[in-house]
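Working notes for the structure below.
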Amino acid sequence: MVEWKTIEEVFELRNGYTPSKNNPEYWDGGTIPWFRMEDIRQNGHVLGDSIQHITPISVKKSGLFPANTIIMATTATIGEHALVIVDSLANQQFTGLVTRKSLVQSVLPRFAFYYCFLLGEWCKQHIHQGGFASVDMEGFKKYPFPIPSLSEQERIVGILDTFTAGIENIKEQIAQRRKQYEYYRDELLDLEGKDGVEMKTLGEVLISLKTGLNPRNNFVLNSSESANYYITVRELGMFNIKPIDKTDKVSDEALKLINNRSNLEEGDVLFSGTGTIGRTALVKEKPKNWNIKEGVYSLKPRKDCVNSYFLVQLLHTNTIIDKISALVVGDPIRSIPMKSLVSMIIPVPSLQDQRRIVSILDTFEASIANLEAQLKQREKQYEYYRNKLLTFE
């Protein structure tokens with residue numbers, strides 16, 4: 001038997017706030033946790049401490065959110081939420097859901113926390129648009145909340161906790177494997193001064209280094225309207241060494257203006273030379289009508305002296321990152337002049353050694369990809385069972 005109430009019947013809704021940053025007495029030596037979205041991003045959905053803290057003098061008369069409050073983002077990153085297991089406060093992005101005293105013995109905090117994933121999805125679909133997007137709070141208050149028996153809540157929480165623990169375990173394995181990967185990558189590619197390693201400029205191992213052009217906005221189309229792909233910085237990333245995600249497209253007219261400037265081919269390395277500098281991707285298939293935005297550089301390696309995979313890995317070692325950082329100019333718009341980039345000195349071992357290094361690092365990448373596939377599958381299972389368990393159909 002499940003009793004249904006509304007959110008406002010089960011919880012007291014309280015607004016978060018930010019004490020004035022102009023008053024150091026509110027912040028200096030603070031001991032009270034004060035939560036922001038960054039806390040969820042860094043530390044997950046069950047929080048026992050915060051990155052920033054406030055002082056008792058900054059707390060309003062309404063007092064702190066008591067332990068086991070759920071904080072739900074009802075503006076900005078809408079729908080994200082966390083169970084906070086300590087007395088605390090949060091900023092104004094969050095609405096605090098405090099279980100009413102009459103129901104504290106009837107609603108398990110972790111049951112409410114899991115059910116709020118469904119509430120969070122509802123929030124994303126019920127937003128008031130305007131100068132600042134926010135949740136329809138009248139509808140939020142009326143959202144139905146189930147109260148099954150405590151034994152049923154415990155059963156549901158036990159099942160979902162098992163899934164959550166499994167997901168966190170896989171995430172930890174991925175993080176650890178990436179650390180190992182980065183360690184061995186830097187060790188294997190610490191090549192300066194080693195026997196058989198030549199020091200060359202980047203330009204010496206490239207056939208060409210080019211950047212794209214920016215078509216006018218009216219030339220950028222929806223994905224269904226064109227087969228001319230337009231690659232931007234956001235498609236690049238160290239763990240995106242695969243066929244590029246092709247999100248933006250341009251019209252045939254724009255393609256003529258760009259004149260297929262980048263001339264991308266299989267094995268080319270893409271590098272972000274502006275904005276988020278240093279992101280890369282490897283073109284792993286023969287592209288048709290692919291073009292790059294200005295600020296994305298296409299590096300066409302000389303196959304007789306450098307392996308494309310090796311070059312991508314090299315660009316992400318700490319030594320080369322430091323060299324790249326020294327070349328950055330501009331404020332606030334940061335970039336690396338192409339003339340400076342091609343003059344950068346890099347170590348170049350024999351092609352045989354390059355292939356050996358790539359083979360070792362490929363093993364790490366394959367392991368990471370396998371774990372990521374496991375994680376994706378486990379998260380799908382979790383969402384399926386969570387929805388199944390909490391709909392009470």
Side-chain angles (χ1 to χ4, degrees), residues 1-14 35 37 39-41 43-48 65-85 90 93-127 134-171 374-393:
M1 183 69 178
V2 177
E3 180 183 7
W4 289 87
K5 293 182 178 292
T6 63
I7 288 292
E8 67 178 348
E9 288 175 325
V10 178
F11 302 100
E12 175 190 352
L13 304 183
R14 295 177 55 184
F35 291 98
M37 187 58 64
D39 290 284
I40 296 177
R41 294 192 183 108
N43 298 313
H45 293 272
V46 179
L47 301 171
F65 294 172
N68 294 321
T69 293
I70 294 168
I71 55 173
M72 172 75 70
T74 49
T75 63
T77 313
I78 289 172
E80 285 288 343
H81 74 284
L83 173 64
V84 179
I85 59 175
Q93 181 178 358
F94 292 103
T95 297
L97 281 67
V98 181
T99 305
R100 293 191 180 276
K101 292 180 180 179
S102 60
L103 291 171
V104 166
Q105 301 301 319
S106 302
V107 178
L108 295 178
R110 288 190 69 83
F111 174 80
F113 161 71
Y114 281 123
Y115 194 76
C116 279
F117 280 100
L118 277 63
L119 175 59
E121 289 303 313
W122 179 90
C123 288
K124 294 174 187 177
Q125 304 300 319
H126 295 80
I127 299 173
S134 62
V135 171
D136 170 14
M137 291 307 294
E138 289 305 311
F140 184 93
K141 293 175 184 178
K142 302 302 181 186
Y143 189 84
F145 185 93
I147 306 179
S149 67
L150 284 176
S151 61
E152 179 65 6
Q153 291 182 48
E154 289 170 350
R155 184 184 74 86
I156 291 170
V157 168
I159 294 170
L160 297 180
D161 277 354
T162 299
F163 274 106
T164 299
I167 288 170
E168 292 305 312
N169 179 262
I170 295 174
K171 287 181 178 179
Q374 291 181 42
L375 176 62
K376 188 175 182 179
Q377 182 63 29
R378 188 64 62 88
E379 288 176 333
K380 284 183 178 179
Q381 292 174 341
Y382 162 71
E383 290 177 8
Y384 171 81
Y385 283 105
R386 185 186 68 203
N387 293 341
K388 189 88 170 173
L389 290 165
L390 294 174
T391 51
F392 299 100
E393 295 177 345

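Since we're looking at a predicted model, the values are computed, not measured.
The distance from atom OG1 of Thr6 to atom CZ of Phe140, rounded to the nearest 0.5 Å, is 11.0 Å. How far CD1 of Ile147 is from CZ of Phe145: 6.5 Å, rounded to the nearest 0.5 Å. In this structure, CG in Asn68 is found 10.0 Å from CG in Leu108, a value given to the nearest 0.5 Å. One distance of note links OH of Tyr114 with CG of Asn387; it measures 13.5 Å at 0.5 Å rounding. Rounding to the nearest 0.5 Å gives a distance of 8.5 Å between OH of Tyr115 and OG1 of Thr391. Note that CD1 of Ile167 is 12.0 Å distant from CD of Gln374, once rounded to the nearest 0.5 Å.
Around the CZ atom of Phe163, the shell of radius 6.0 Å holds more than 12 heavy atoms that belong to other residues, nucleotides or ligands. Within a 6.0 Å sphere centred on OH of Tyr384, heavy atoms belonging to other residues, nucleotides or ligands number 12 at most.
The shortest distance between side-chain heavy atoms of Phe65 and Val84 does not fall below 4.5 Å. Considering only heavy atoms from C-beta on, Asp136 stays 4.5 Å or farther from Ile127 through its side chain. Residues Val135 and Met72 form no side-chain contact, since every pair of their non-hydrogen atoms from C-beta on lies 4.5 Å or further apart. Between Cys123 and Tyr143, the closest side-chain pair of non-hydrogen atoms is not below 4.5 Å.
By the side-chain hydrogen bond (donor to acceptor under 3.5 Å, both in side chains) test, Trp122 pairs with His126, sequence neighbours left out. Ala82 pairs by the side chain to side chain contact (heavy atoms under 4.5 Å, CB included) definition with Ile40, Leu47, Ile71, not counting sequence neighbours. Qualifying salt bridge (charged side-chain N to carboxylate O under 4.0 Å, His left out) partners for Lys388, counting only residues two or more places apart in sequence or in other chains: none. The side chain to side chain contact (heavy atoms under 4.5 Å, CB included) check on Gln125 picks up nothing, with sequence neighbours excluded. Considering only residues two or more places apart in sequence or on other chains, Glu12 meets the salt bridge (charged side-chain N to carboxylate O under 4.0 Å, His left out) condition with none of them. Among residues two or more places apart in sequence or in another chain, the side-chain hydrogen bond (donor to acceptor under 3.5 Å, both in side chains) test is passed with Ser151 by Ser149. Annotation: salt bridge (charged side-chain N to carboxylate O under 4.0 Å, His left out) contacts of Glu9 (sequence neighbours excluded): none. Every residue two or more places apart in sequence or in another chain was checked for a salt bridge (charged side-chain N to carboxylate O under 4.0 Å, His left out) with Lys376, and none qualifies. Ala76 meets the side chain to side chain contact (heavy atoms under 4.5 Å, CB included) test with Gln93, Phe132; sequence neighbours excluded. By the side chain to side chain contact (heavy atoms under 4.5 Å, CB included) test, Glu383 pairs with Arg386, sequence neighbours left out.
Residues Pro148 and Phe111 come closest through the heavy atom pair CD-CZ, 3.6 Å. Across every non-hydrogen atom of Ile70 and Cys116, the tightest pair is CD1-SG, 3.8 Å. Closest approach of Pro66 and Arg14 over heavy atoms only: CD-NH1, 4.1 Å.
Sorted by first and then second residue, the side-chain hydrogen bond (donor to acceptor under 3.5 Å, both in side chains) pairs with a member in residues 94-106 read Thr74-Thr95; sequence neighbours excluded. Applying the salt bridge (charged side-chain N to carboxylate O under 4.0 Å, His left out) test to residues at least two apart or on different chains, the pairs with a partner in residues 137-163 are Glu8-Lys142, Arg110-Asp161, Glu138-Lys141, Glu152-Arg155.
For the pair Thr77 (side chain) and Ala73 (backbone), a donor-acceptor distance under 3.5 Å is absent.
Aromatic ring centres of Phe94 and Phe35 lie farther apart than the 6.0 Å criterion allows. In this structure, the ring of Phe113 has its center less than 6.0 angstrom from the ring center of His81.
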**Message:** Between Leu97 and Val10, is the side-chain contact (heavy atoms from CB on, under 4.5 Å) condition met? List the steps.
**Reply:** CA-CA 9 Å; Leu97 281 67; Val10 178; over 6 Å; no

